[in-house]
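Since the structure comes first, as structure tokens, the remarks are kept for the end.
Order of the sequence lines fixes the chain letters, A, B, ..., with proteins taken first and strands second; residue numbering starts at 1 for each chain.
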Protein chains: 4
Amino acid sequence: MADATDDRLRLLIERIERLEEEKKGIADDIRDVYAEAKAVGYDPKIMRQIVRLRKMKPDDRSEMEAILDTYKAALGLG
Amino acid sequence: MADATDDRLRLLIERIERLEEEKKGIADDIRDVYAEAKAVGYDPKIMRQIVRLRKMKPDDRSEMEAILDTYKAALGLG
Amino acid sequence: MADATDDRLRLLIERIERLEEEKKGIADDIRDVYAEAKAVGYDPKIMRQIVRLRKMKPDDRSEMEAILDTYKAALGLG
Amino acid sequence: MADATDDRLRLLIERIERLEEEKKGIADDIRDVYAEAKAVGYDPKIMRQIVRLRKMKPDDRSEMEAILDTYKAALGLG
DNA sequence: ACTGGCAGTCGTCTTC
DNA sequence: GAAGACGACTGCCAGT
């Protein structure tokens, strides 16, 4: 028995699955770019840090880095 | 100084950032579908389990469920 | 210069680090138990599911499983 | 029916559960320390970065920071 | 093939 | 109460 309710759920699930596939495709593309970067000598892990930093608003980033420096100084992490 | 090397890195980073944006867009869409499902009475958490189960190959799923039942029985999780 | 403020931060950090070490020790122990279980033929991944199920209140678990069955039926995931 | 096999599985599960509880206790303690630090004016998020940095071997950390600076310069993240 | 490291996902907590 | 952000955990992938 597959009534209207079943179909509604099925439709929602299928939309999600389609979107998940798309998302996976993009994620794979990202992975490829990092691999390509690594192949020409860049460090993927540090590139990820860069991406993270660039995501921040400049002022927030500056402030964060200033505090970080303070803490590092306090702990002898020069 | 922005030489060719710098540009290569910048290009790679920008490709990644563009892809990350696309990915986030898709993720937001997925979130919306779950929200819509919840609004009509479905349980999003359980829907996620369904999506996970459907991702598996049928044989693998059957086997997994069989083992799970065995373990549940062994522990009185009737 | 290491004034009182520095020391306060340092002390907090060191307490955290000590606790993190303890936590890692426990996590390693857990990993060992799963490895031991695997060595005698149990499936660690499914054991994790069992642990998750046992964490739930019995009534919540029953209800969840009932809904899950309904959804599975609706999608032909017999 | 609870034969020897069942008991072996049960025993393993129970050991895991006990360890999980301990782990959760420690995690809560860590959370408390961060909360305490925040209460006296420290930034927990940045403290976590410090903890991460201190976990690294000094040479690795220096090298990582050097590369990071290079990349930041290349991207105008002064 | 296995172990360790990393990224992505999931759940929690805080904020609005 | 819901939404958004953050941190923790699990699963996956690469390296050995």
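- With rounding to whole Å, A:I26 atom CD1 is found 18 Å from E:dT9 atom C1'.
- Spacing between atom CD1 of A:I30 and atom C1' of F:dC12 amounts to 16 Å, rounded to whole angstrom units.
- B:Y71 contributes a side-chain N or O that, together with a main-chain N or O of C:D43, makes up a donor-acceptor pair within less than 3.5 Å.
- Non-hydrogen atoms lying under 4.0 Å from DNA chain E are contributed by B:K45, B:R48, all within residues 43-61 of chain B.
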Check the interface with nucleotides 14-16 of chain F: list each N/O to N/O pair with the protein under 3.5 Å, or write none.
| residue | atom | partner | partner atom | Å |
| --- | --- | --- | --- | --- |
| F:dG15 | OP1 | A:K38 | NZ | 2.9 |

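- In this structure, B:I16 atom CD1 and E:dC6 atom C1' are separated by 15 Å, rounded to whole Å.
- If you take CE of B:M64 and P of F:dG11, they are 11 Å apart, rounded to a whole angstrom.
- With C:V33 as reference, D:L19 is the one residue of D:L11, D:I13, D:L19 to meet the side-chain contact (heavy atoms from CB on, under 4.5 Å) rule.
- One finds a salt bridge joining D:E65 and A:K72 here, because a Lys/Arg side-chain nitrogen approaches an Asp/Glu carboxylate oxygen to under 4.0 Å.
- Nearest-nucleotide assignment on DNA chain F puts the 5′-proximal partner with D:A27, out of D:A27 and A:K24.
- Phosphate proximity of E:dT9 to A:K23: present, with a side-chain N or O under 4.0 Å from OP1 or OP2.
- In this structure, the CG atom of A:L19 is 13 Å from the P atom of E:dT9, given to the nearest Å.
- If you measure from atom CG of B:D28 to atom P of F:dA5, you get 10 Å, rounded to the nearest angstrom.
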